[in-house]
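Working notes for the structure below.
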2 protein chains.
Amino acid sequence: MAKKLVPPQATIRRLSVYLRYLSSLENDGVKVISSADLATRLALNPAQVRKDLAYFGEFGKRGVGYSVKKLRDHIIKILGLQQVRSVAIIGAGGRLGRALALYTGFEKRNFKVKALFDIDNSVIGTTLAPEAGAVLHLDELPKIVKERNIEILILTIPAEAIKSVYDYVMLSGVKAVLNFAPFKLISTEDVVVHNVDLTTELESLSYHLRLKESGIDISPEENGIDDTGS
Amino acid sequence: MAKKLVPPQATIRRLSVYLRYLSSLENDGVKVISSADLATRLALNPAQVRKDLAYFGEFGKRGVGYSVKKLRDHIIKILGLQQVRSVAIIGAGGRLGRALALYTGFEKRNFKVKALFDIDNSVIGTTLAPEAGAVLHLDELPKIVKERNIEILILTIPAEAIKSVYDYVMLSGVKAVLNFAPFKLISTEDVVVHNVDLTTELESLSYHLRLKESGIDISPEENGIDDTGS
DNA sequence: AAGAGTTTGTGAAATTTTTCTGAAAGTTCG
DNA sequence: CGAACTTTCAGAAAAATTTCACAAACTCTT
């Protein structure tokens, strides 16, 4: 209850995971949950759950646990999810772009895809997702960002396209980017970037497979059972 | 040069990122790179780059740097990417499943989608991706895993489907799972799971947006004494 | 209402991960 | 060859994150 520190990025991600689980609990009619139960389900340490929450306040009741509904509401506020966040997809003509444009899971969480962009003339003008309007040329990004109040850009472009897209993105006025392109984009003062690299995910799994294959020695002695959350 | 520790999971992920960058350097004809240059491009500390590599051996040359080609080859070995890794997608009928089934980026990195599964009769039997054969019913998973030597399962199923898919997956004989379902799967002794949650990515971006919106500081002290609705 | 049993919140300890630093090794140039 | 640079390697220090452990707060039972 004294000094509040800056929560680690990992804490933020876990909050999102807690949120999802709390929603399902609420659905099941569960009223109260303890840090221990939460931790068990999510393969975490109970103290970590408590500490994660403690960065933001005292949400629990000693001897009882956390009210599912209240905790859920708090996390929604912490993550800024009360308001709808408008999203645009760049590279909407590609397969991943299309899949995300039509993914209904985002809306459930208050993210709305409000615009689609591409640079390929064969998709520009077509309608991929009713709600998001016709696919627009990337040229229009800054204008549309303002008009539709876009806050997050999702990049689903091929690696080669980064060069021609980068400036548009950084100057679009958008403050957050979720990059699926196989190319690490760096956050700046103005723009937070999260990179999600599908190949990296597979490659790190491959590493674990190699370890299990009974390590052909690349490093002398090692043994580790790693768990990765999200 | 003395004791080798278990490399952190974060190191493994960075290796994959180095690998990608090294490949592009090699493409550009660059022969040698220093940890400082690598670090600059990837927004890391040079010492971290060196330490990451040092977990696995001494790959550099003092006063010079790292041979791009050699380092690339080493990382490929470390990550177990010399051999083709066979992958299957469960939930291949969904949009994300289809997108991944057709994604060409995996093959470039030596991952081959060798089978597609679903439980929806309207997609079973259809051909979504030529190389991967017709979509099969999940029932056939264990058999096909053996036949086609599948090592990694990609899950692109809706949250509700987890219950009916979980046992198939854990008993399939596969040692690695990449889970895109909005539900945290926990690694076991036998099966390493990596969870990629698209909503979590957006939600943590939302958190950063909220921070920027409302000055630098998080919620003040008074964030509430909870009454746990009894 | 007292005692037994839970569970949170939190400072302190432990652990992990990152960064610093300086010696060692290599290169380049005069 | 020697001096001036460069850059890796690795031990030490620093920083960040996780886990421990226990007092405080609350519930429940008798």
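Letters go in sequence order (proteins before strands), and every chain restarts at 1. Atom set for the values below is all heavy atoms of this structure, side chains included, hydrogens, waters and symmetry mates excluded. What you are looking at is a predicted structure, and each value in this text was computed from that prediction instead of being measured.
Two residues, Q9(A) and A36(B), neighbour DNA chain D, and the one matched to the more 5' nucleotide by heavy-atom proximity is A36(B).
Straight-line distance from the CD1 atom of I33(A) to the P atom of dT7(C): 11 Å, rounded to whole Å. Here the C1' atom of nucleotide dT27(C) and the NZ atom of K31(B) are 19 Å apart, to the nearest Å. Note: CZ (F59(A)) to P (dA25(D)) measures 19 Å, nearest angstrom. Whole-Å rounding puts the E58(A) CD to dC26(D) P distance at 10 Å. To the nearest angstrom, P of dT8(D) lies 17 Å from OH of Y55(B). Atom CG of L53(A) and atom C1' of dT18(D) are 15 Å apart (whole Å). Rounded to an integer number of Å, the gap from L5(A) CG to dT17(D) C1' is 11 Å. One atom, CG of D37(A), and another, C1' of dT6(C), lie 12 Å apart when rounded to the nearest Å.
Of the N and O atoms on the side chains of H208(B) and Q9(A), at least one donor lies less than 3.5 Å from an acceptor on the other residue.
When the nucleotides dG26(C), dA24(D), dT10(C) are ranked by their closest atom to the side chain of K61(B), dG26(C) comes out on top.
Helix-axis bend for the helix from dA1(C)-dT30(D) to dG30(C)-dC1(D): the local axis fitted to the five terminal pairs at one end deviates from that at the other end by 10°, rounded to 10°.
In summary, K77(A) and D73(A) do not engage in a salt bridge, as defined by a charged side-chain N under 4.0 Å from a carboxylate O. A salt bridge is absent between K175(A) and E151(A): the closest approach of a Lys/Arg side-chain nitrogen to an acidic carboxylate oxygen does not fall below 4.0 angstrom. D197(A) has no carboxylate O lying under 4.0 Å from a charged side-chain N of K184(A), or vice versa, which leaves the two without a salt bridge. Between R13(A) and E201(B) there is a salt bridge, since a side-chain N of the basic residue sits under 4.0 Å from a carboxylate O of the acidic one.
Listed pair Y66(A) / dC26(D) fails the phosphate criterion, with no side-chain N or O lying under 4.0 Å from OP1 or OP2. The shortest distance between the side-chain N/O atoms of R62(B) and the OP1/OP2 oxygens of dC5(D) is not below 4.0 Å. OP1 or OP2 of dT7(C) has not a single side-chain nitrogen or oxygen of S35(A) nearer than 4.0 Å.
T40(A) places a side-chain N or O within donor-acceptor distance of the main-chain N or O of A36(A), the cut-off being under 3.5 Å.
Taking the ring axis of Y103(B) as reference, the NZ or CZ atom of R95(A) does not stay both within 45° of it and closer than 6.0 Å to the ring centre. For the pair R85(A) and Y207(B), the cation-pi test (distance below 6.0 Å, angle within 45°) is failed. Geometric assessment of R41(A) against the ring of F183(B) yields a positive cation-pi assignment under the 6.0 Å and 45° thresholds.
Across residues 44-52 of chain B, R50(B), K51(B) each have a non-hydrogen atom less than 4.0 Å from an atom of DNA chain D (numbered order).
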